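Below is one structure; the comments refer to it alone.
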Amino acid sequence: MKKVITYGTFDLLHVGHINLLRRAKALGDYLIVVLSTDEFNRGKHKEAYYSYENRKTILEAIRYVDEVIPETCWEQKISDVVDNQVDIFVMGNDWEGKFDFLKEYCEVVYLPRTEGISTTQIKDDLHK
Ligand code: C2G
């Protein structure tokens with residue numbers, strides 16, 4: 001069984017997230033999403049609209065997602081990959097190159113982002 005892993009906040013879920021998750025799952029048989037906790041987001045200077053529990057519930061309802069676990073720090077990626085026997089690490093290419101240190105543990109794939117949509121864009125548009 002080929003296991004895939006990806007990371008993110010996935011707030012205000014939109015088609016950019018779904019495109020990423022669909023393509024990530026297509027690379028293997030089992031997709032683990034490591035979801036940023038509210039505490040970790042504060043460290044990313046991100047304030048998610050939905051709580052971790054709500055974002056987790058939403059992600060678990062997506063057909064491409066097999067498992068959701070918490071992201072509490074930047075340093076957990078190697079142990080996540082090793083402990084879960086992950087074969088492929090996937091992120092949008094806004095992170096291009098940032099996680100190449102994982103290449104000694106698994107395949108690293110950066111996928112093109114979906115243009116024209118982001119959680120920040122949605123928030124800005126709603127404030128107009
Ligand atoms: N994404 C995308 N296209 C968009 C928006 C997002 O492909 N239009 C991708 C991002 O590249 C990322 C994933 O969807 O791979 C989740 O995006 P965010 O929730 O914004 O994740 P981020 O805040 O980048 O957190 O440790 C890594 C961090 O947790 C990543």
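Everything numeric here is computed off the predicted structure, so don't read it as measured data. Counting starts at 1 for both ligands and their atoms, following the listed order.
Below 3.5 Å of separation, one finds no N or O of Asn93 facing any N or O of ligand 1. Where the criterion is an N or O separation shorter than 3.5 Å, residue side chain and backbone included, Trp95 meets it with respect to ligand 1. Every N/O-N/O distance between Met91 and ligand 1 stays at or above 3.5 Å. For a threshold of 3.5 Å applied to N or O pairs, the pair formed by Ile117 and ligand 1 contains at least one separation below that value. Not one N or O of His14 is nearer than 3.5 Å to an N or O of ligand 1, by distance alone. Every N/O-N/O distance between Phe99 and ligand 1 stays at or above 3.5 Å. For ligand 1, the polar-atom distance check finds an N/O of Lys44 within less than 3.5 Å of one of the ligand's N/O atoms.
Under a 4.0 angstrom heavy-atom cut-off, Ser118 registers as lying outside contact with ligand 1.
Heavy-atom proximity to atom 2 (C) of ligand 1, evaluated over Gly16, Gly8, Cys73, is greatest for Gly16.
For the salt bridge (Lys or Arg N to Asp or Glu O under 4.0 Å) test with Asp66, the passing option among Lys2, Lys25, Lys3 is Lys25; the others fail.
Taking the six-membered ring for Trp and thresholds of 30 and 60 degrees, His14 and His17 have nearly parallel ring planes, at less than 30 degrees apart.
Contacts between Glu71 and ligand 1 below 4.0 angstrom, taking non-hydrogen atoms only, involve the side chain exclusively. Both the backbone and the side chain of Thr9 come within 4.0 Å of ligand 1, judged by heavy-atom distances.
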